[in-house]
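Because only heavy atoms are used, hydrogens play no part in the values below, and waters and symmetry mates are left out as well, while side chains stay in. Given the structure is predicted, the values throughout are model-derived calculations rather than measurements.
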Amino acid sequence: MNDIIMHVRQKNAFPEWYEGLHKALFRANEFFDDRNVLKEEFVVMMSTWEIDEEAAKKAYDFITESGKKKMDYNLFSEFMKQFFTNEEQGHVVNMGLDL
């Protein structure tokens, strides 16, 4: 995992092999197939990692600016980059999993 985080910090992108995992996670949970993950879909997606429902809802609102931005794959990928690299204690993007 540290190699992935270092790669994101250096290149602002996931390693190609890891990007495929995120695309699969996104597509598997994007139930309406409209390239726009709804808050409920995001919560289900994050529950696969045992993320608290309220924390996932707050993170969704943060990254989508309370629904103003469409949660397409690009925004999801940006969120995941922030999730893996954010070191600010208590930040909403950490979804309660502070370092």
Working to the nearest 0.5 Å, report the span between CD of Gln82 and NE2 of His91.
-> 7.0 Å
Evaluate the criterion side-chain contact (heavy atoms from CB on, under 4.5 Å) for residue pair Leu75 and Lys70; output intermediate values, then yes/no.
-> CA-CA 8 Å; Leu75 189 61; Lys70 179 178 164 181; over 6 Å; no
With side chains defined as the heavy atoms from C-beta onward, is the minimum distance between Arg9 and Ile5 less than 4.5 Å?
-> yes
Taking every heavy atom of Ala55 against every heavy atom of Ile51, the minimum-distance pair comes out as CB-CG2, 4.5 Å
side-chain contact (heavy atoms from CB on, under 4.5 Å) with Glu65: which residues, sequence neighbours excluded?
-> Lys68, Lys69
According to a 4.5 Å side-chain heavy-atom criterion applied to Ile, Leu, Val, Met, Phe, Trp and Tyr, with indirect links allowed, do Met6 and Ile4 form part of one hydrophobic cluster?
-> no
Smallest heavy-atom separation, Ala56 atom then Phe42 atom, equals O-CE2, 3.3 Å
Asn94 side chain to Gln89 main-chain N or O, any donor-acceptor pair under 3.5 Å?
-> no
Inter-residue atom distance Glu40.CD - Met45.CE, 0.5 Å rounding | 12.0 Å
Applying side-chain contact (heavy atoms from CB on, under 4.5 Å), name anything that partners Glu19, two or more places apart in sequence or on another chain.
-> Phe14, Lys23, Tyr73, Ser77
Is Glu54 salt-bridged to Lys58, going by a charged N under 4.0 Å from an acidic O?
-> no
Are Met80 and Val43 connected, step by step, through hydrophobic side chains (Ile, Leu, Val, Met, Phe, Trp, Tyr) whose heavy atoms are closer than 4.5 Å?
-> no
Counting only heavy atoms not in Lys81, do more than 12 fall under 6.0 Å of its NZ?
-> yes
List the steps and the verdict of side-chain contact (heavy atoms from CB on, under 4.5 Å) for Phe79 and Met95.
-> CA-CA 11 Å; Phe79 169 77; Met95 295 187 290; 3.7 Å; yes
Verdict with reasoning, Tyr60 to Met46, per side-chain contact (heavy atoms from CB on, under 4.5 Å) | CA-CA 10 Å; Tyr60 181 91; Met46 294 298 103; over 6 Å; no
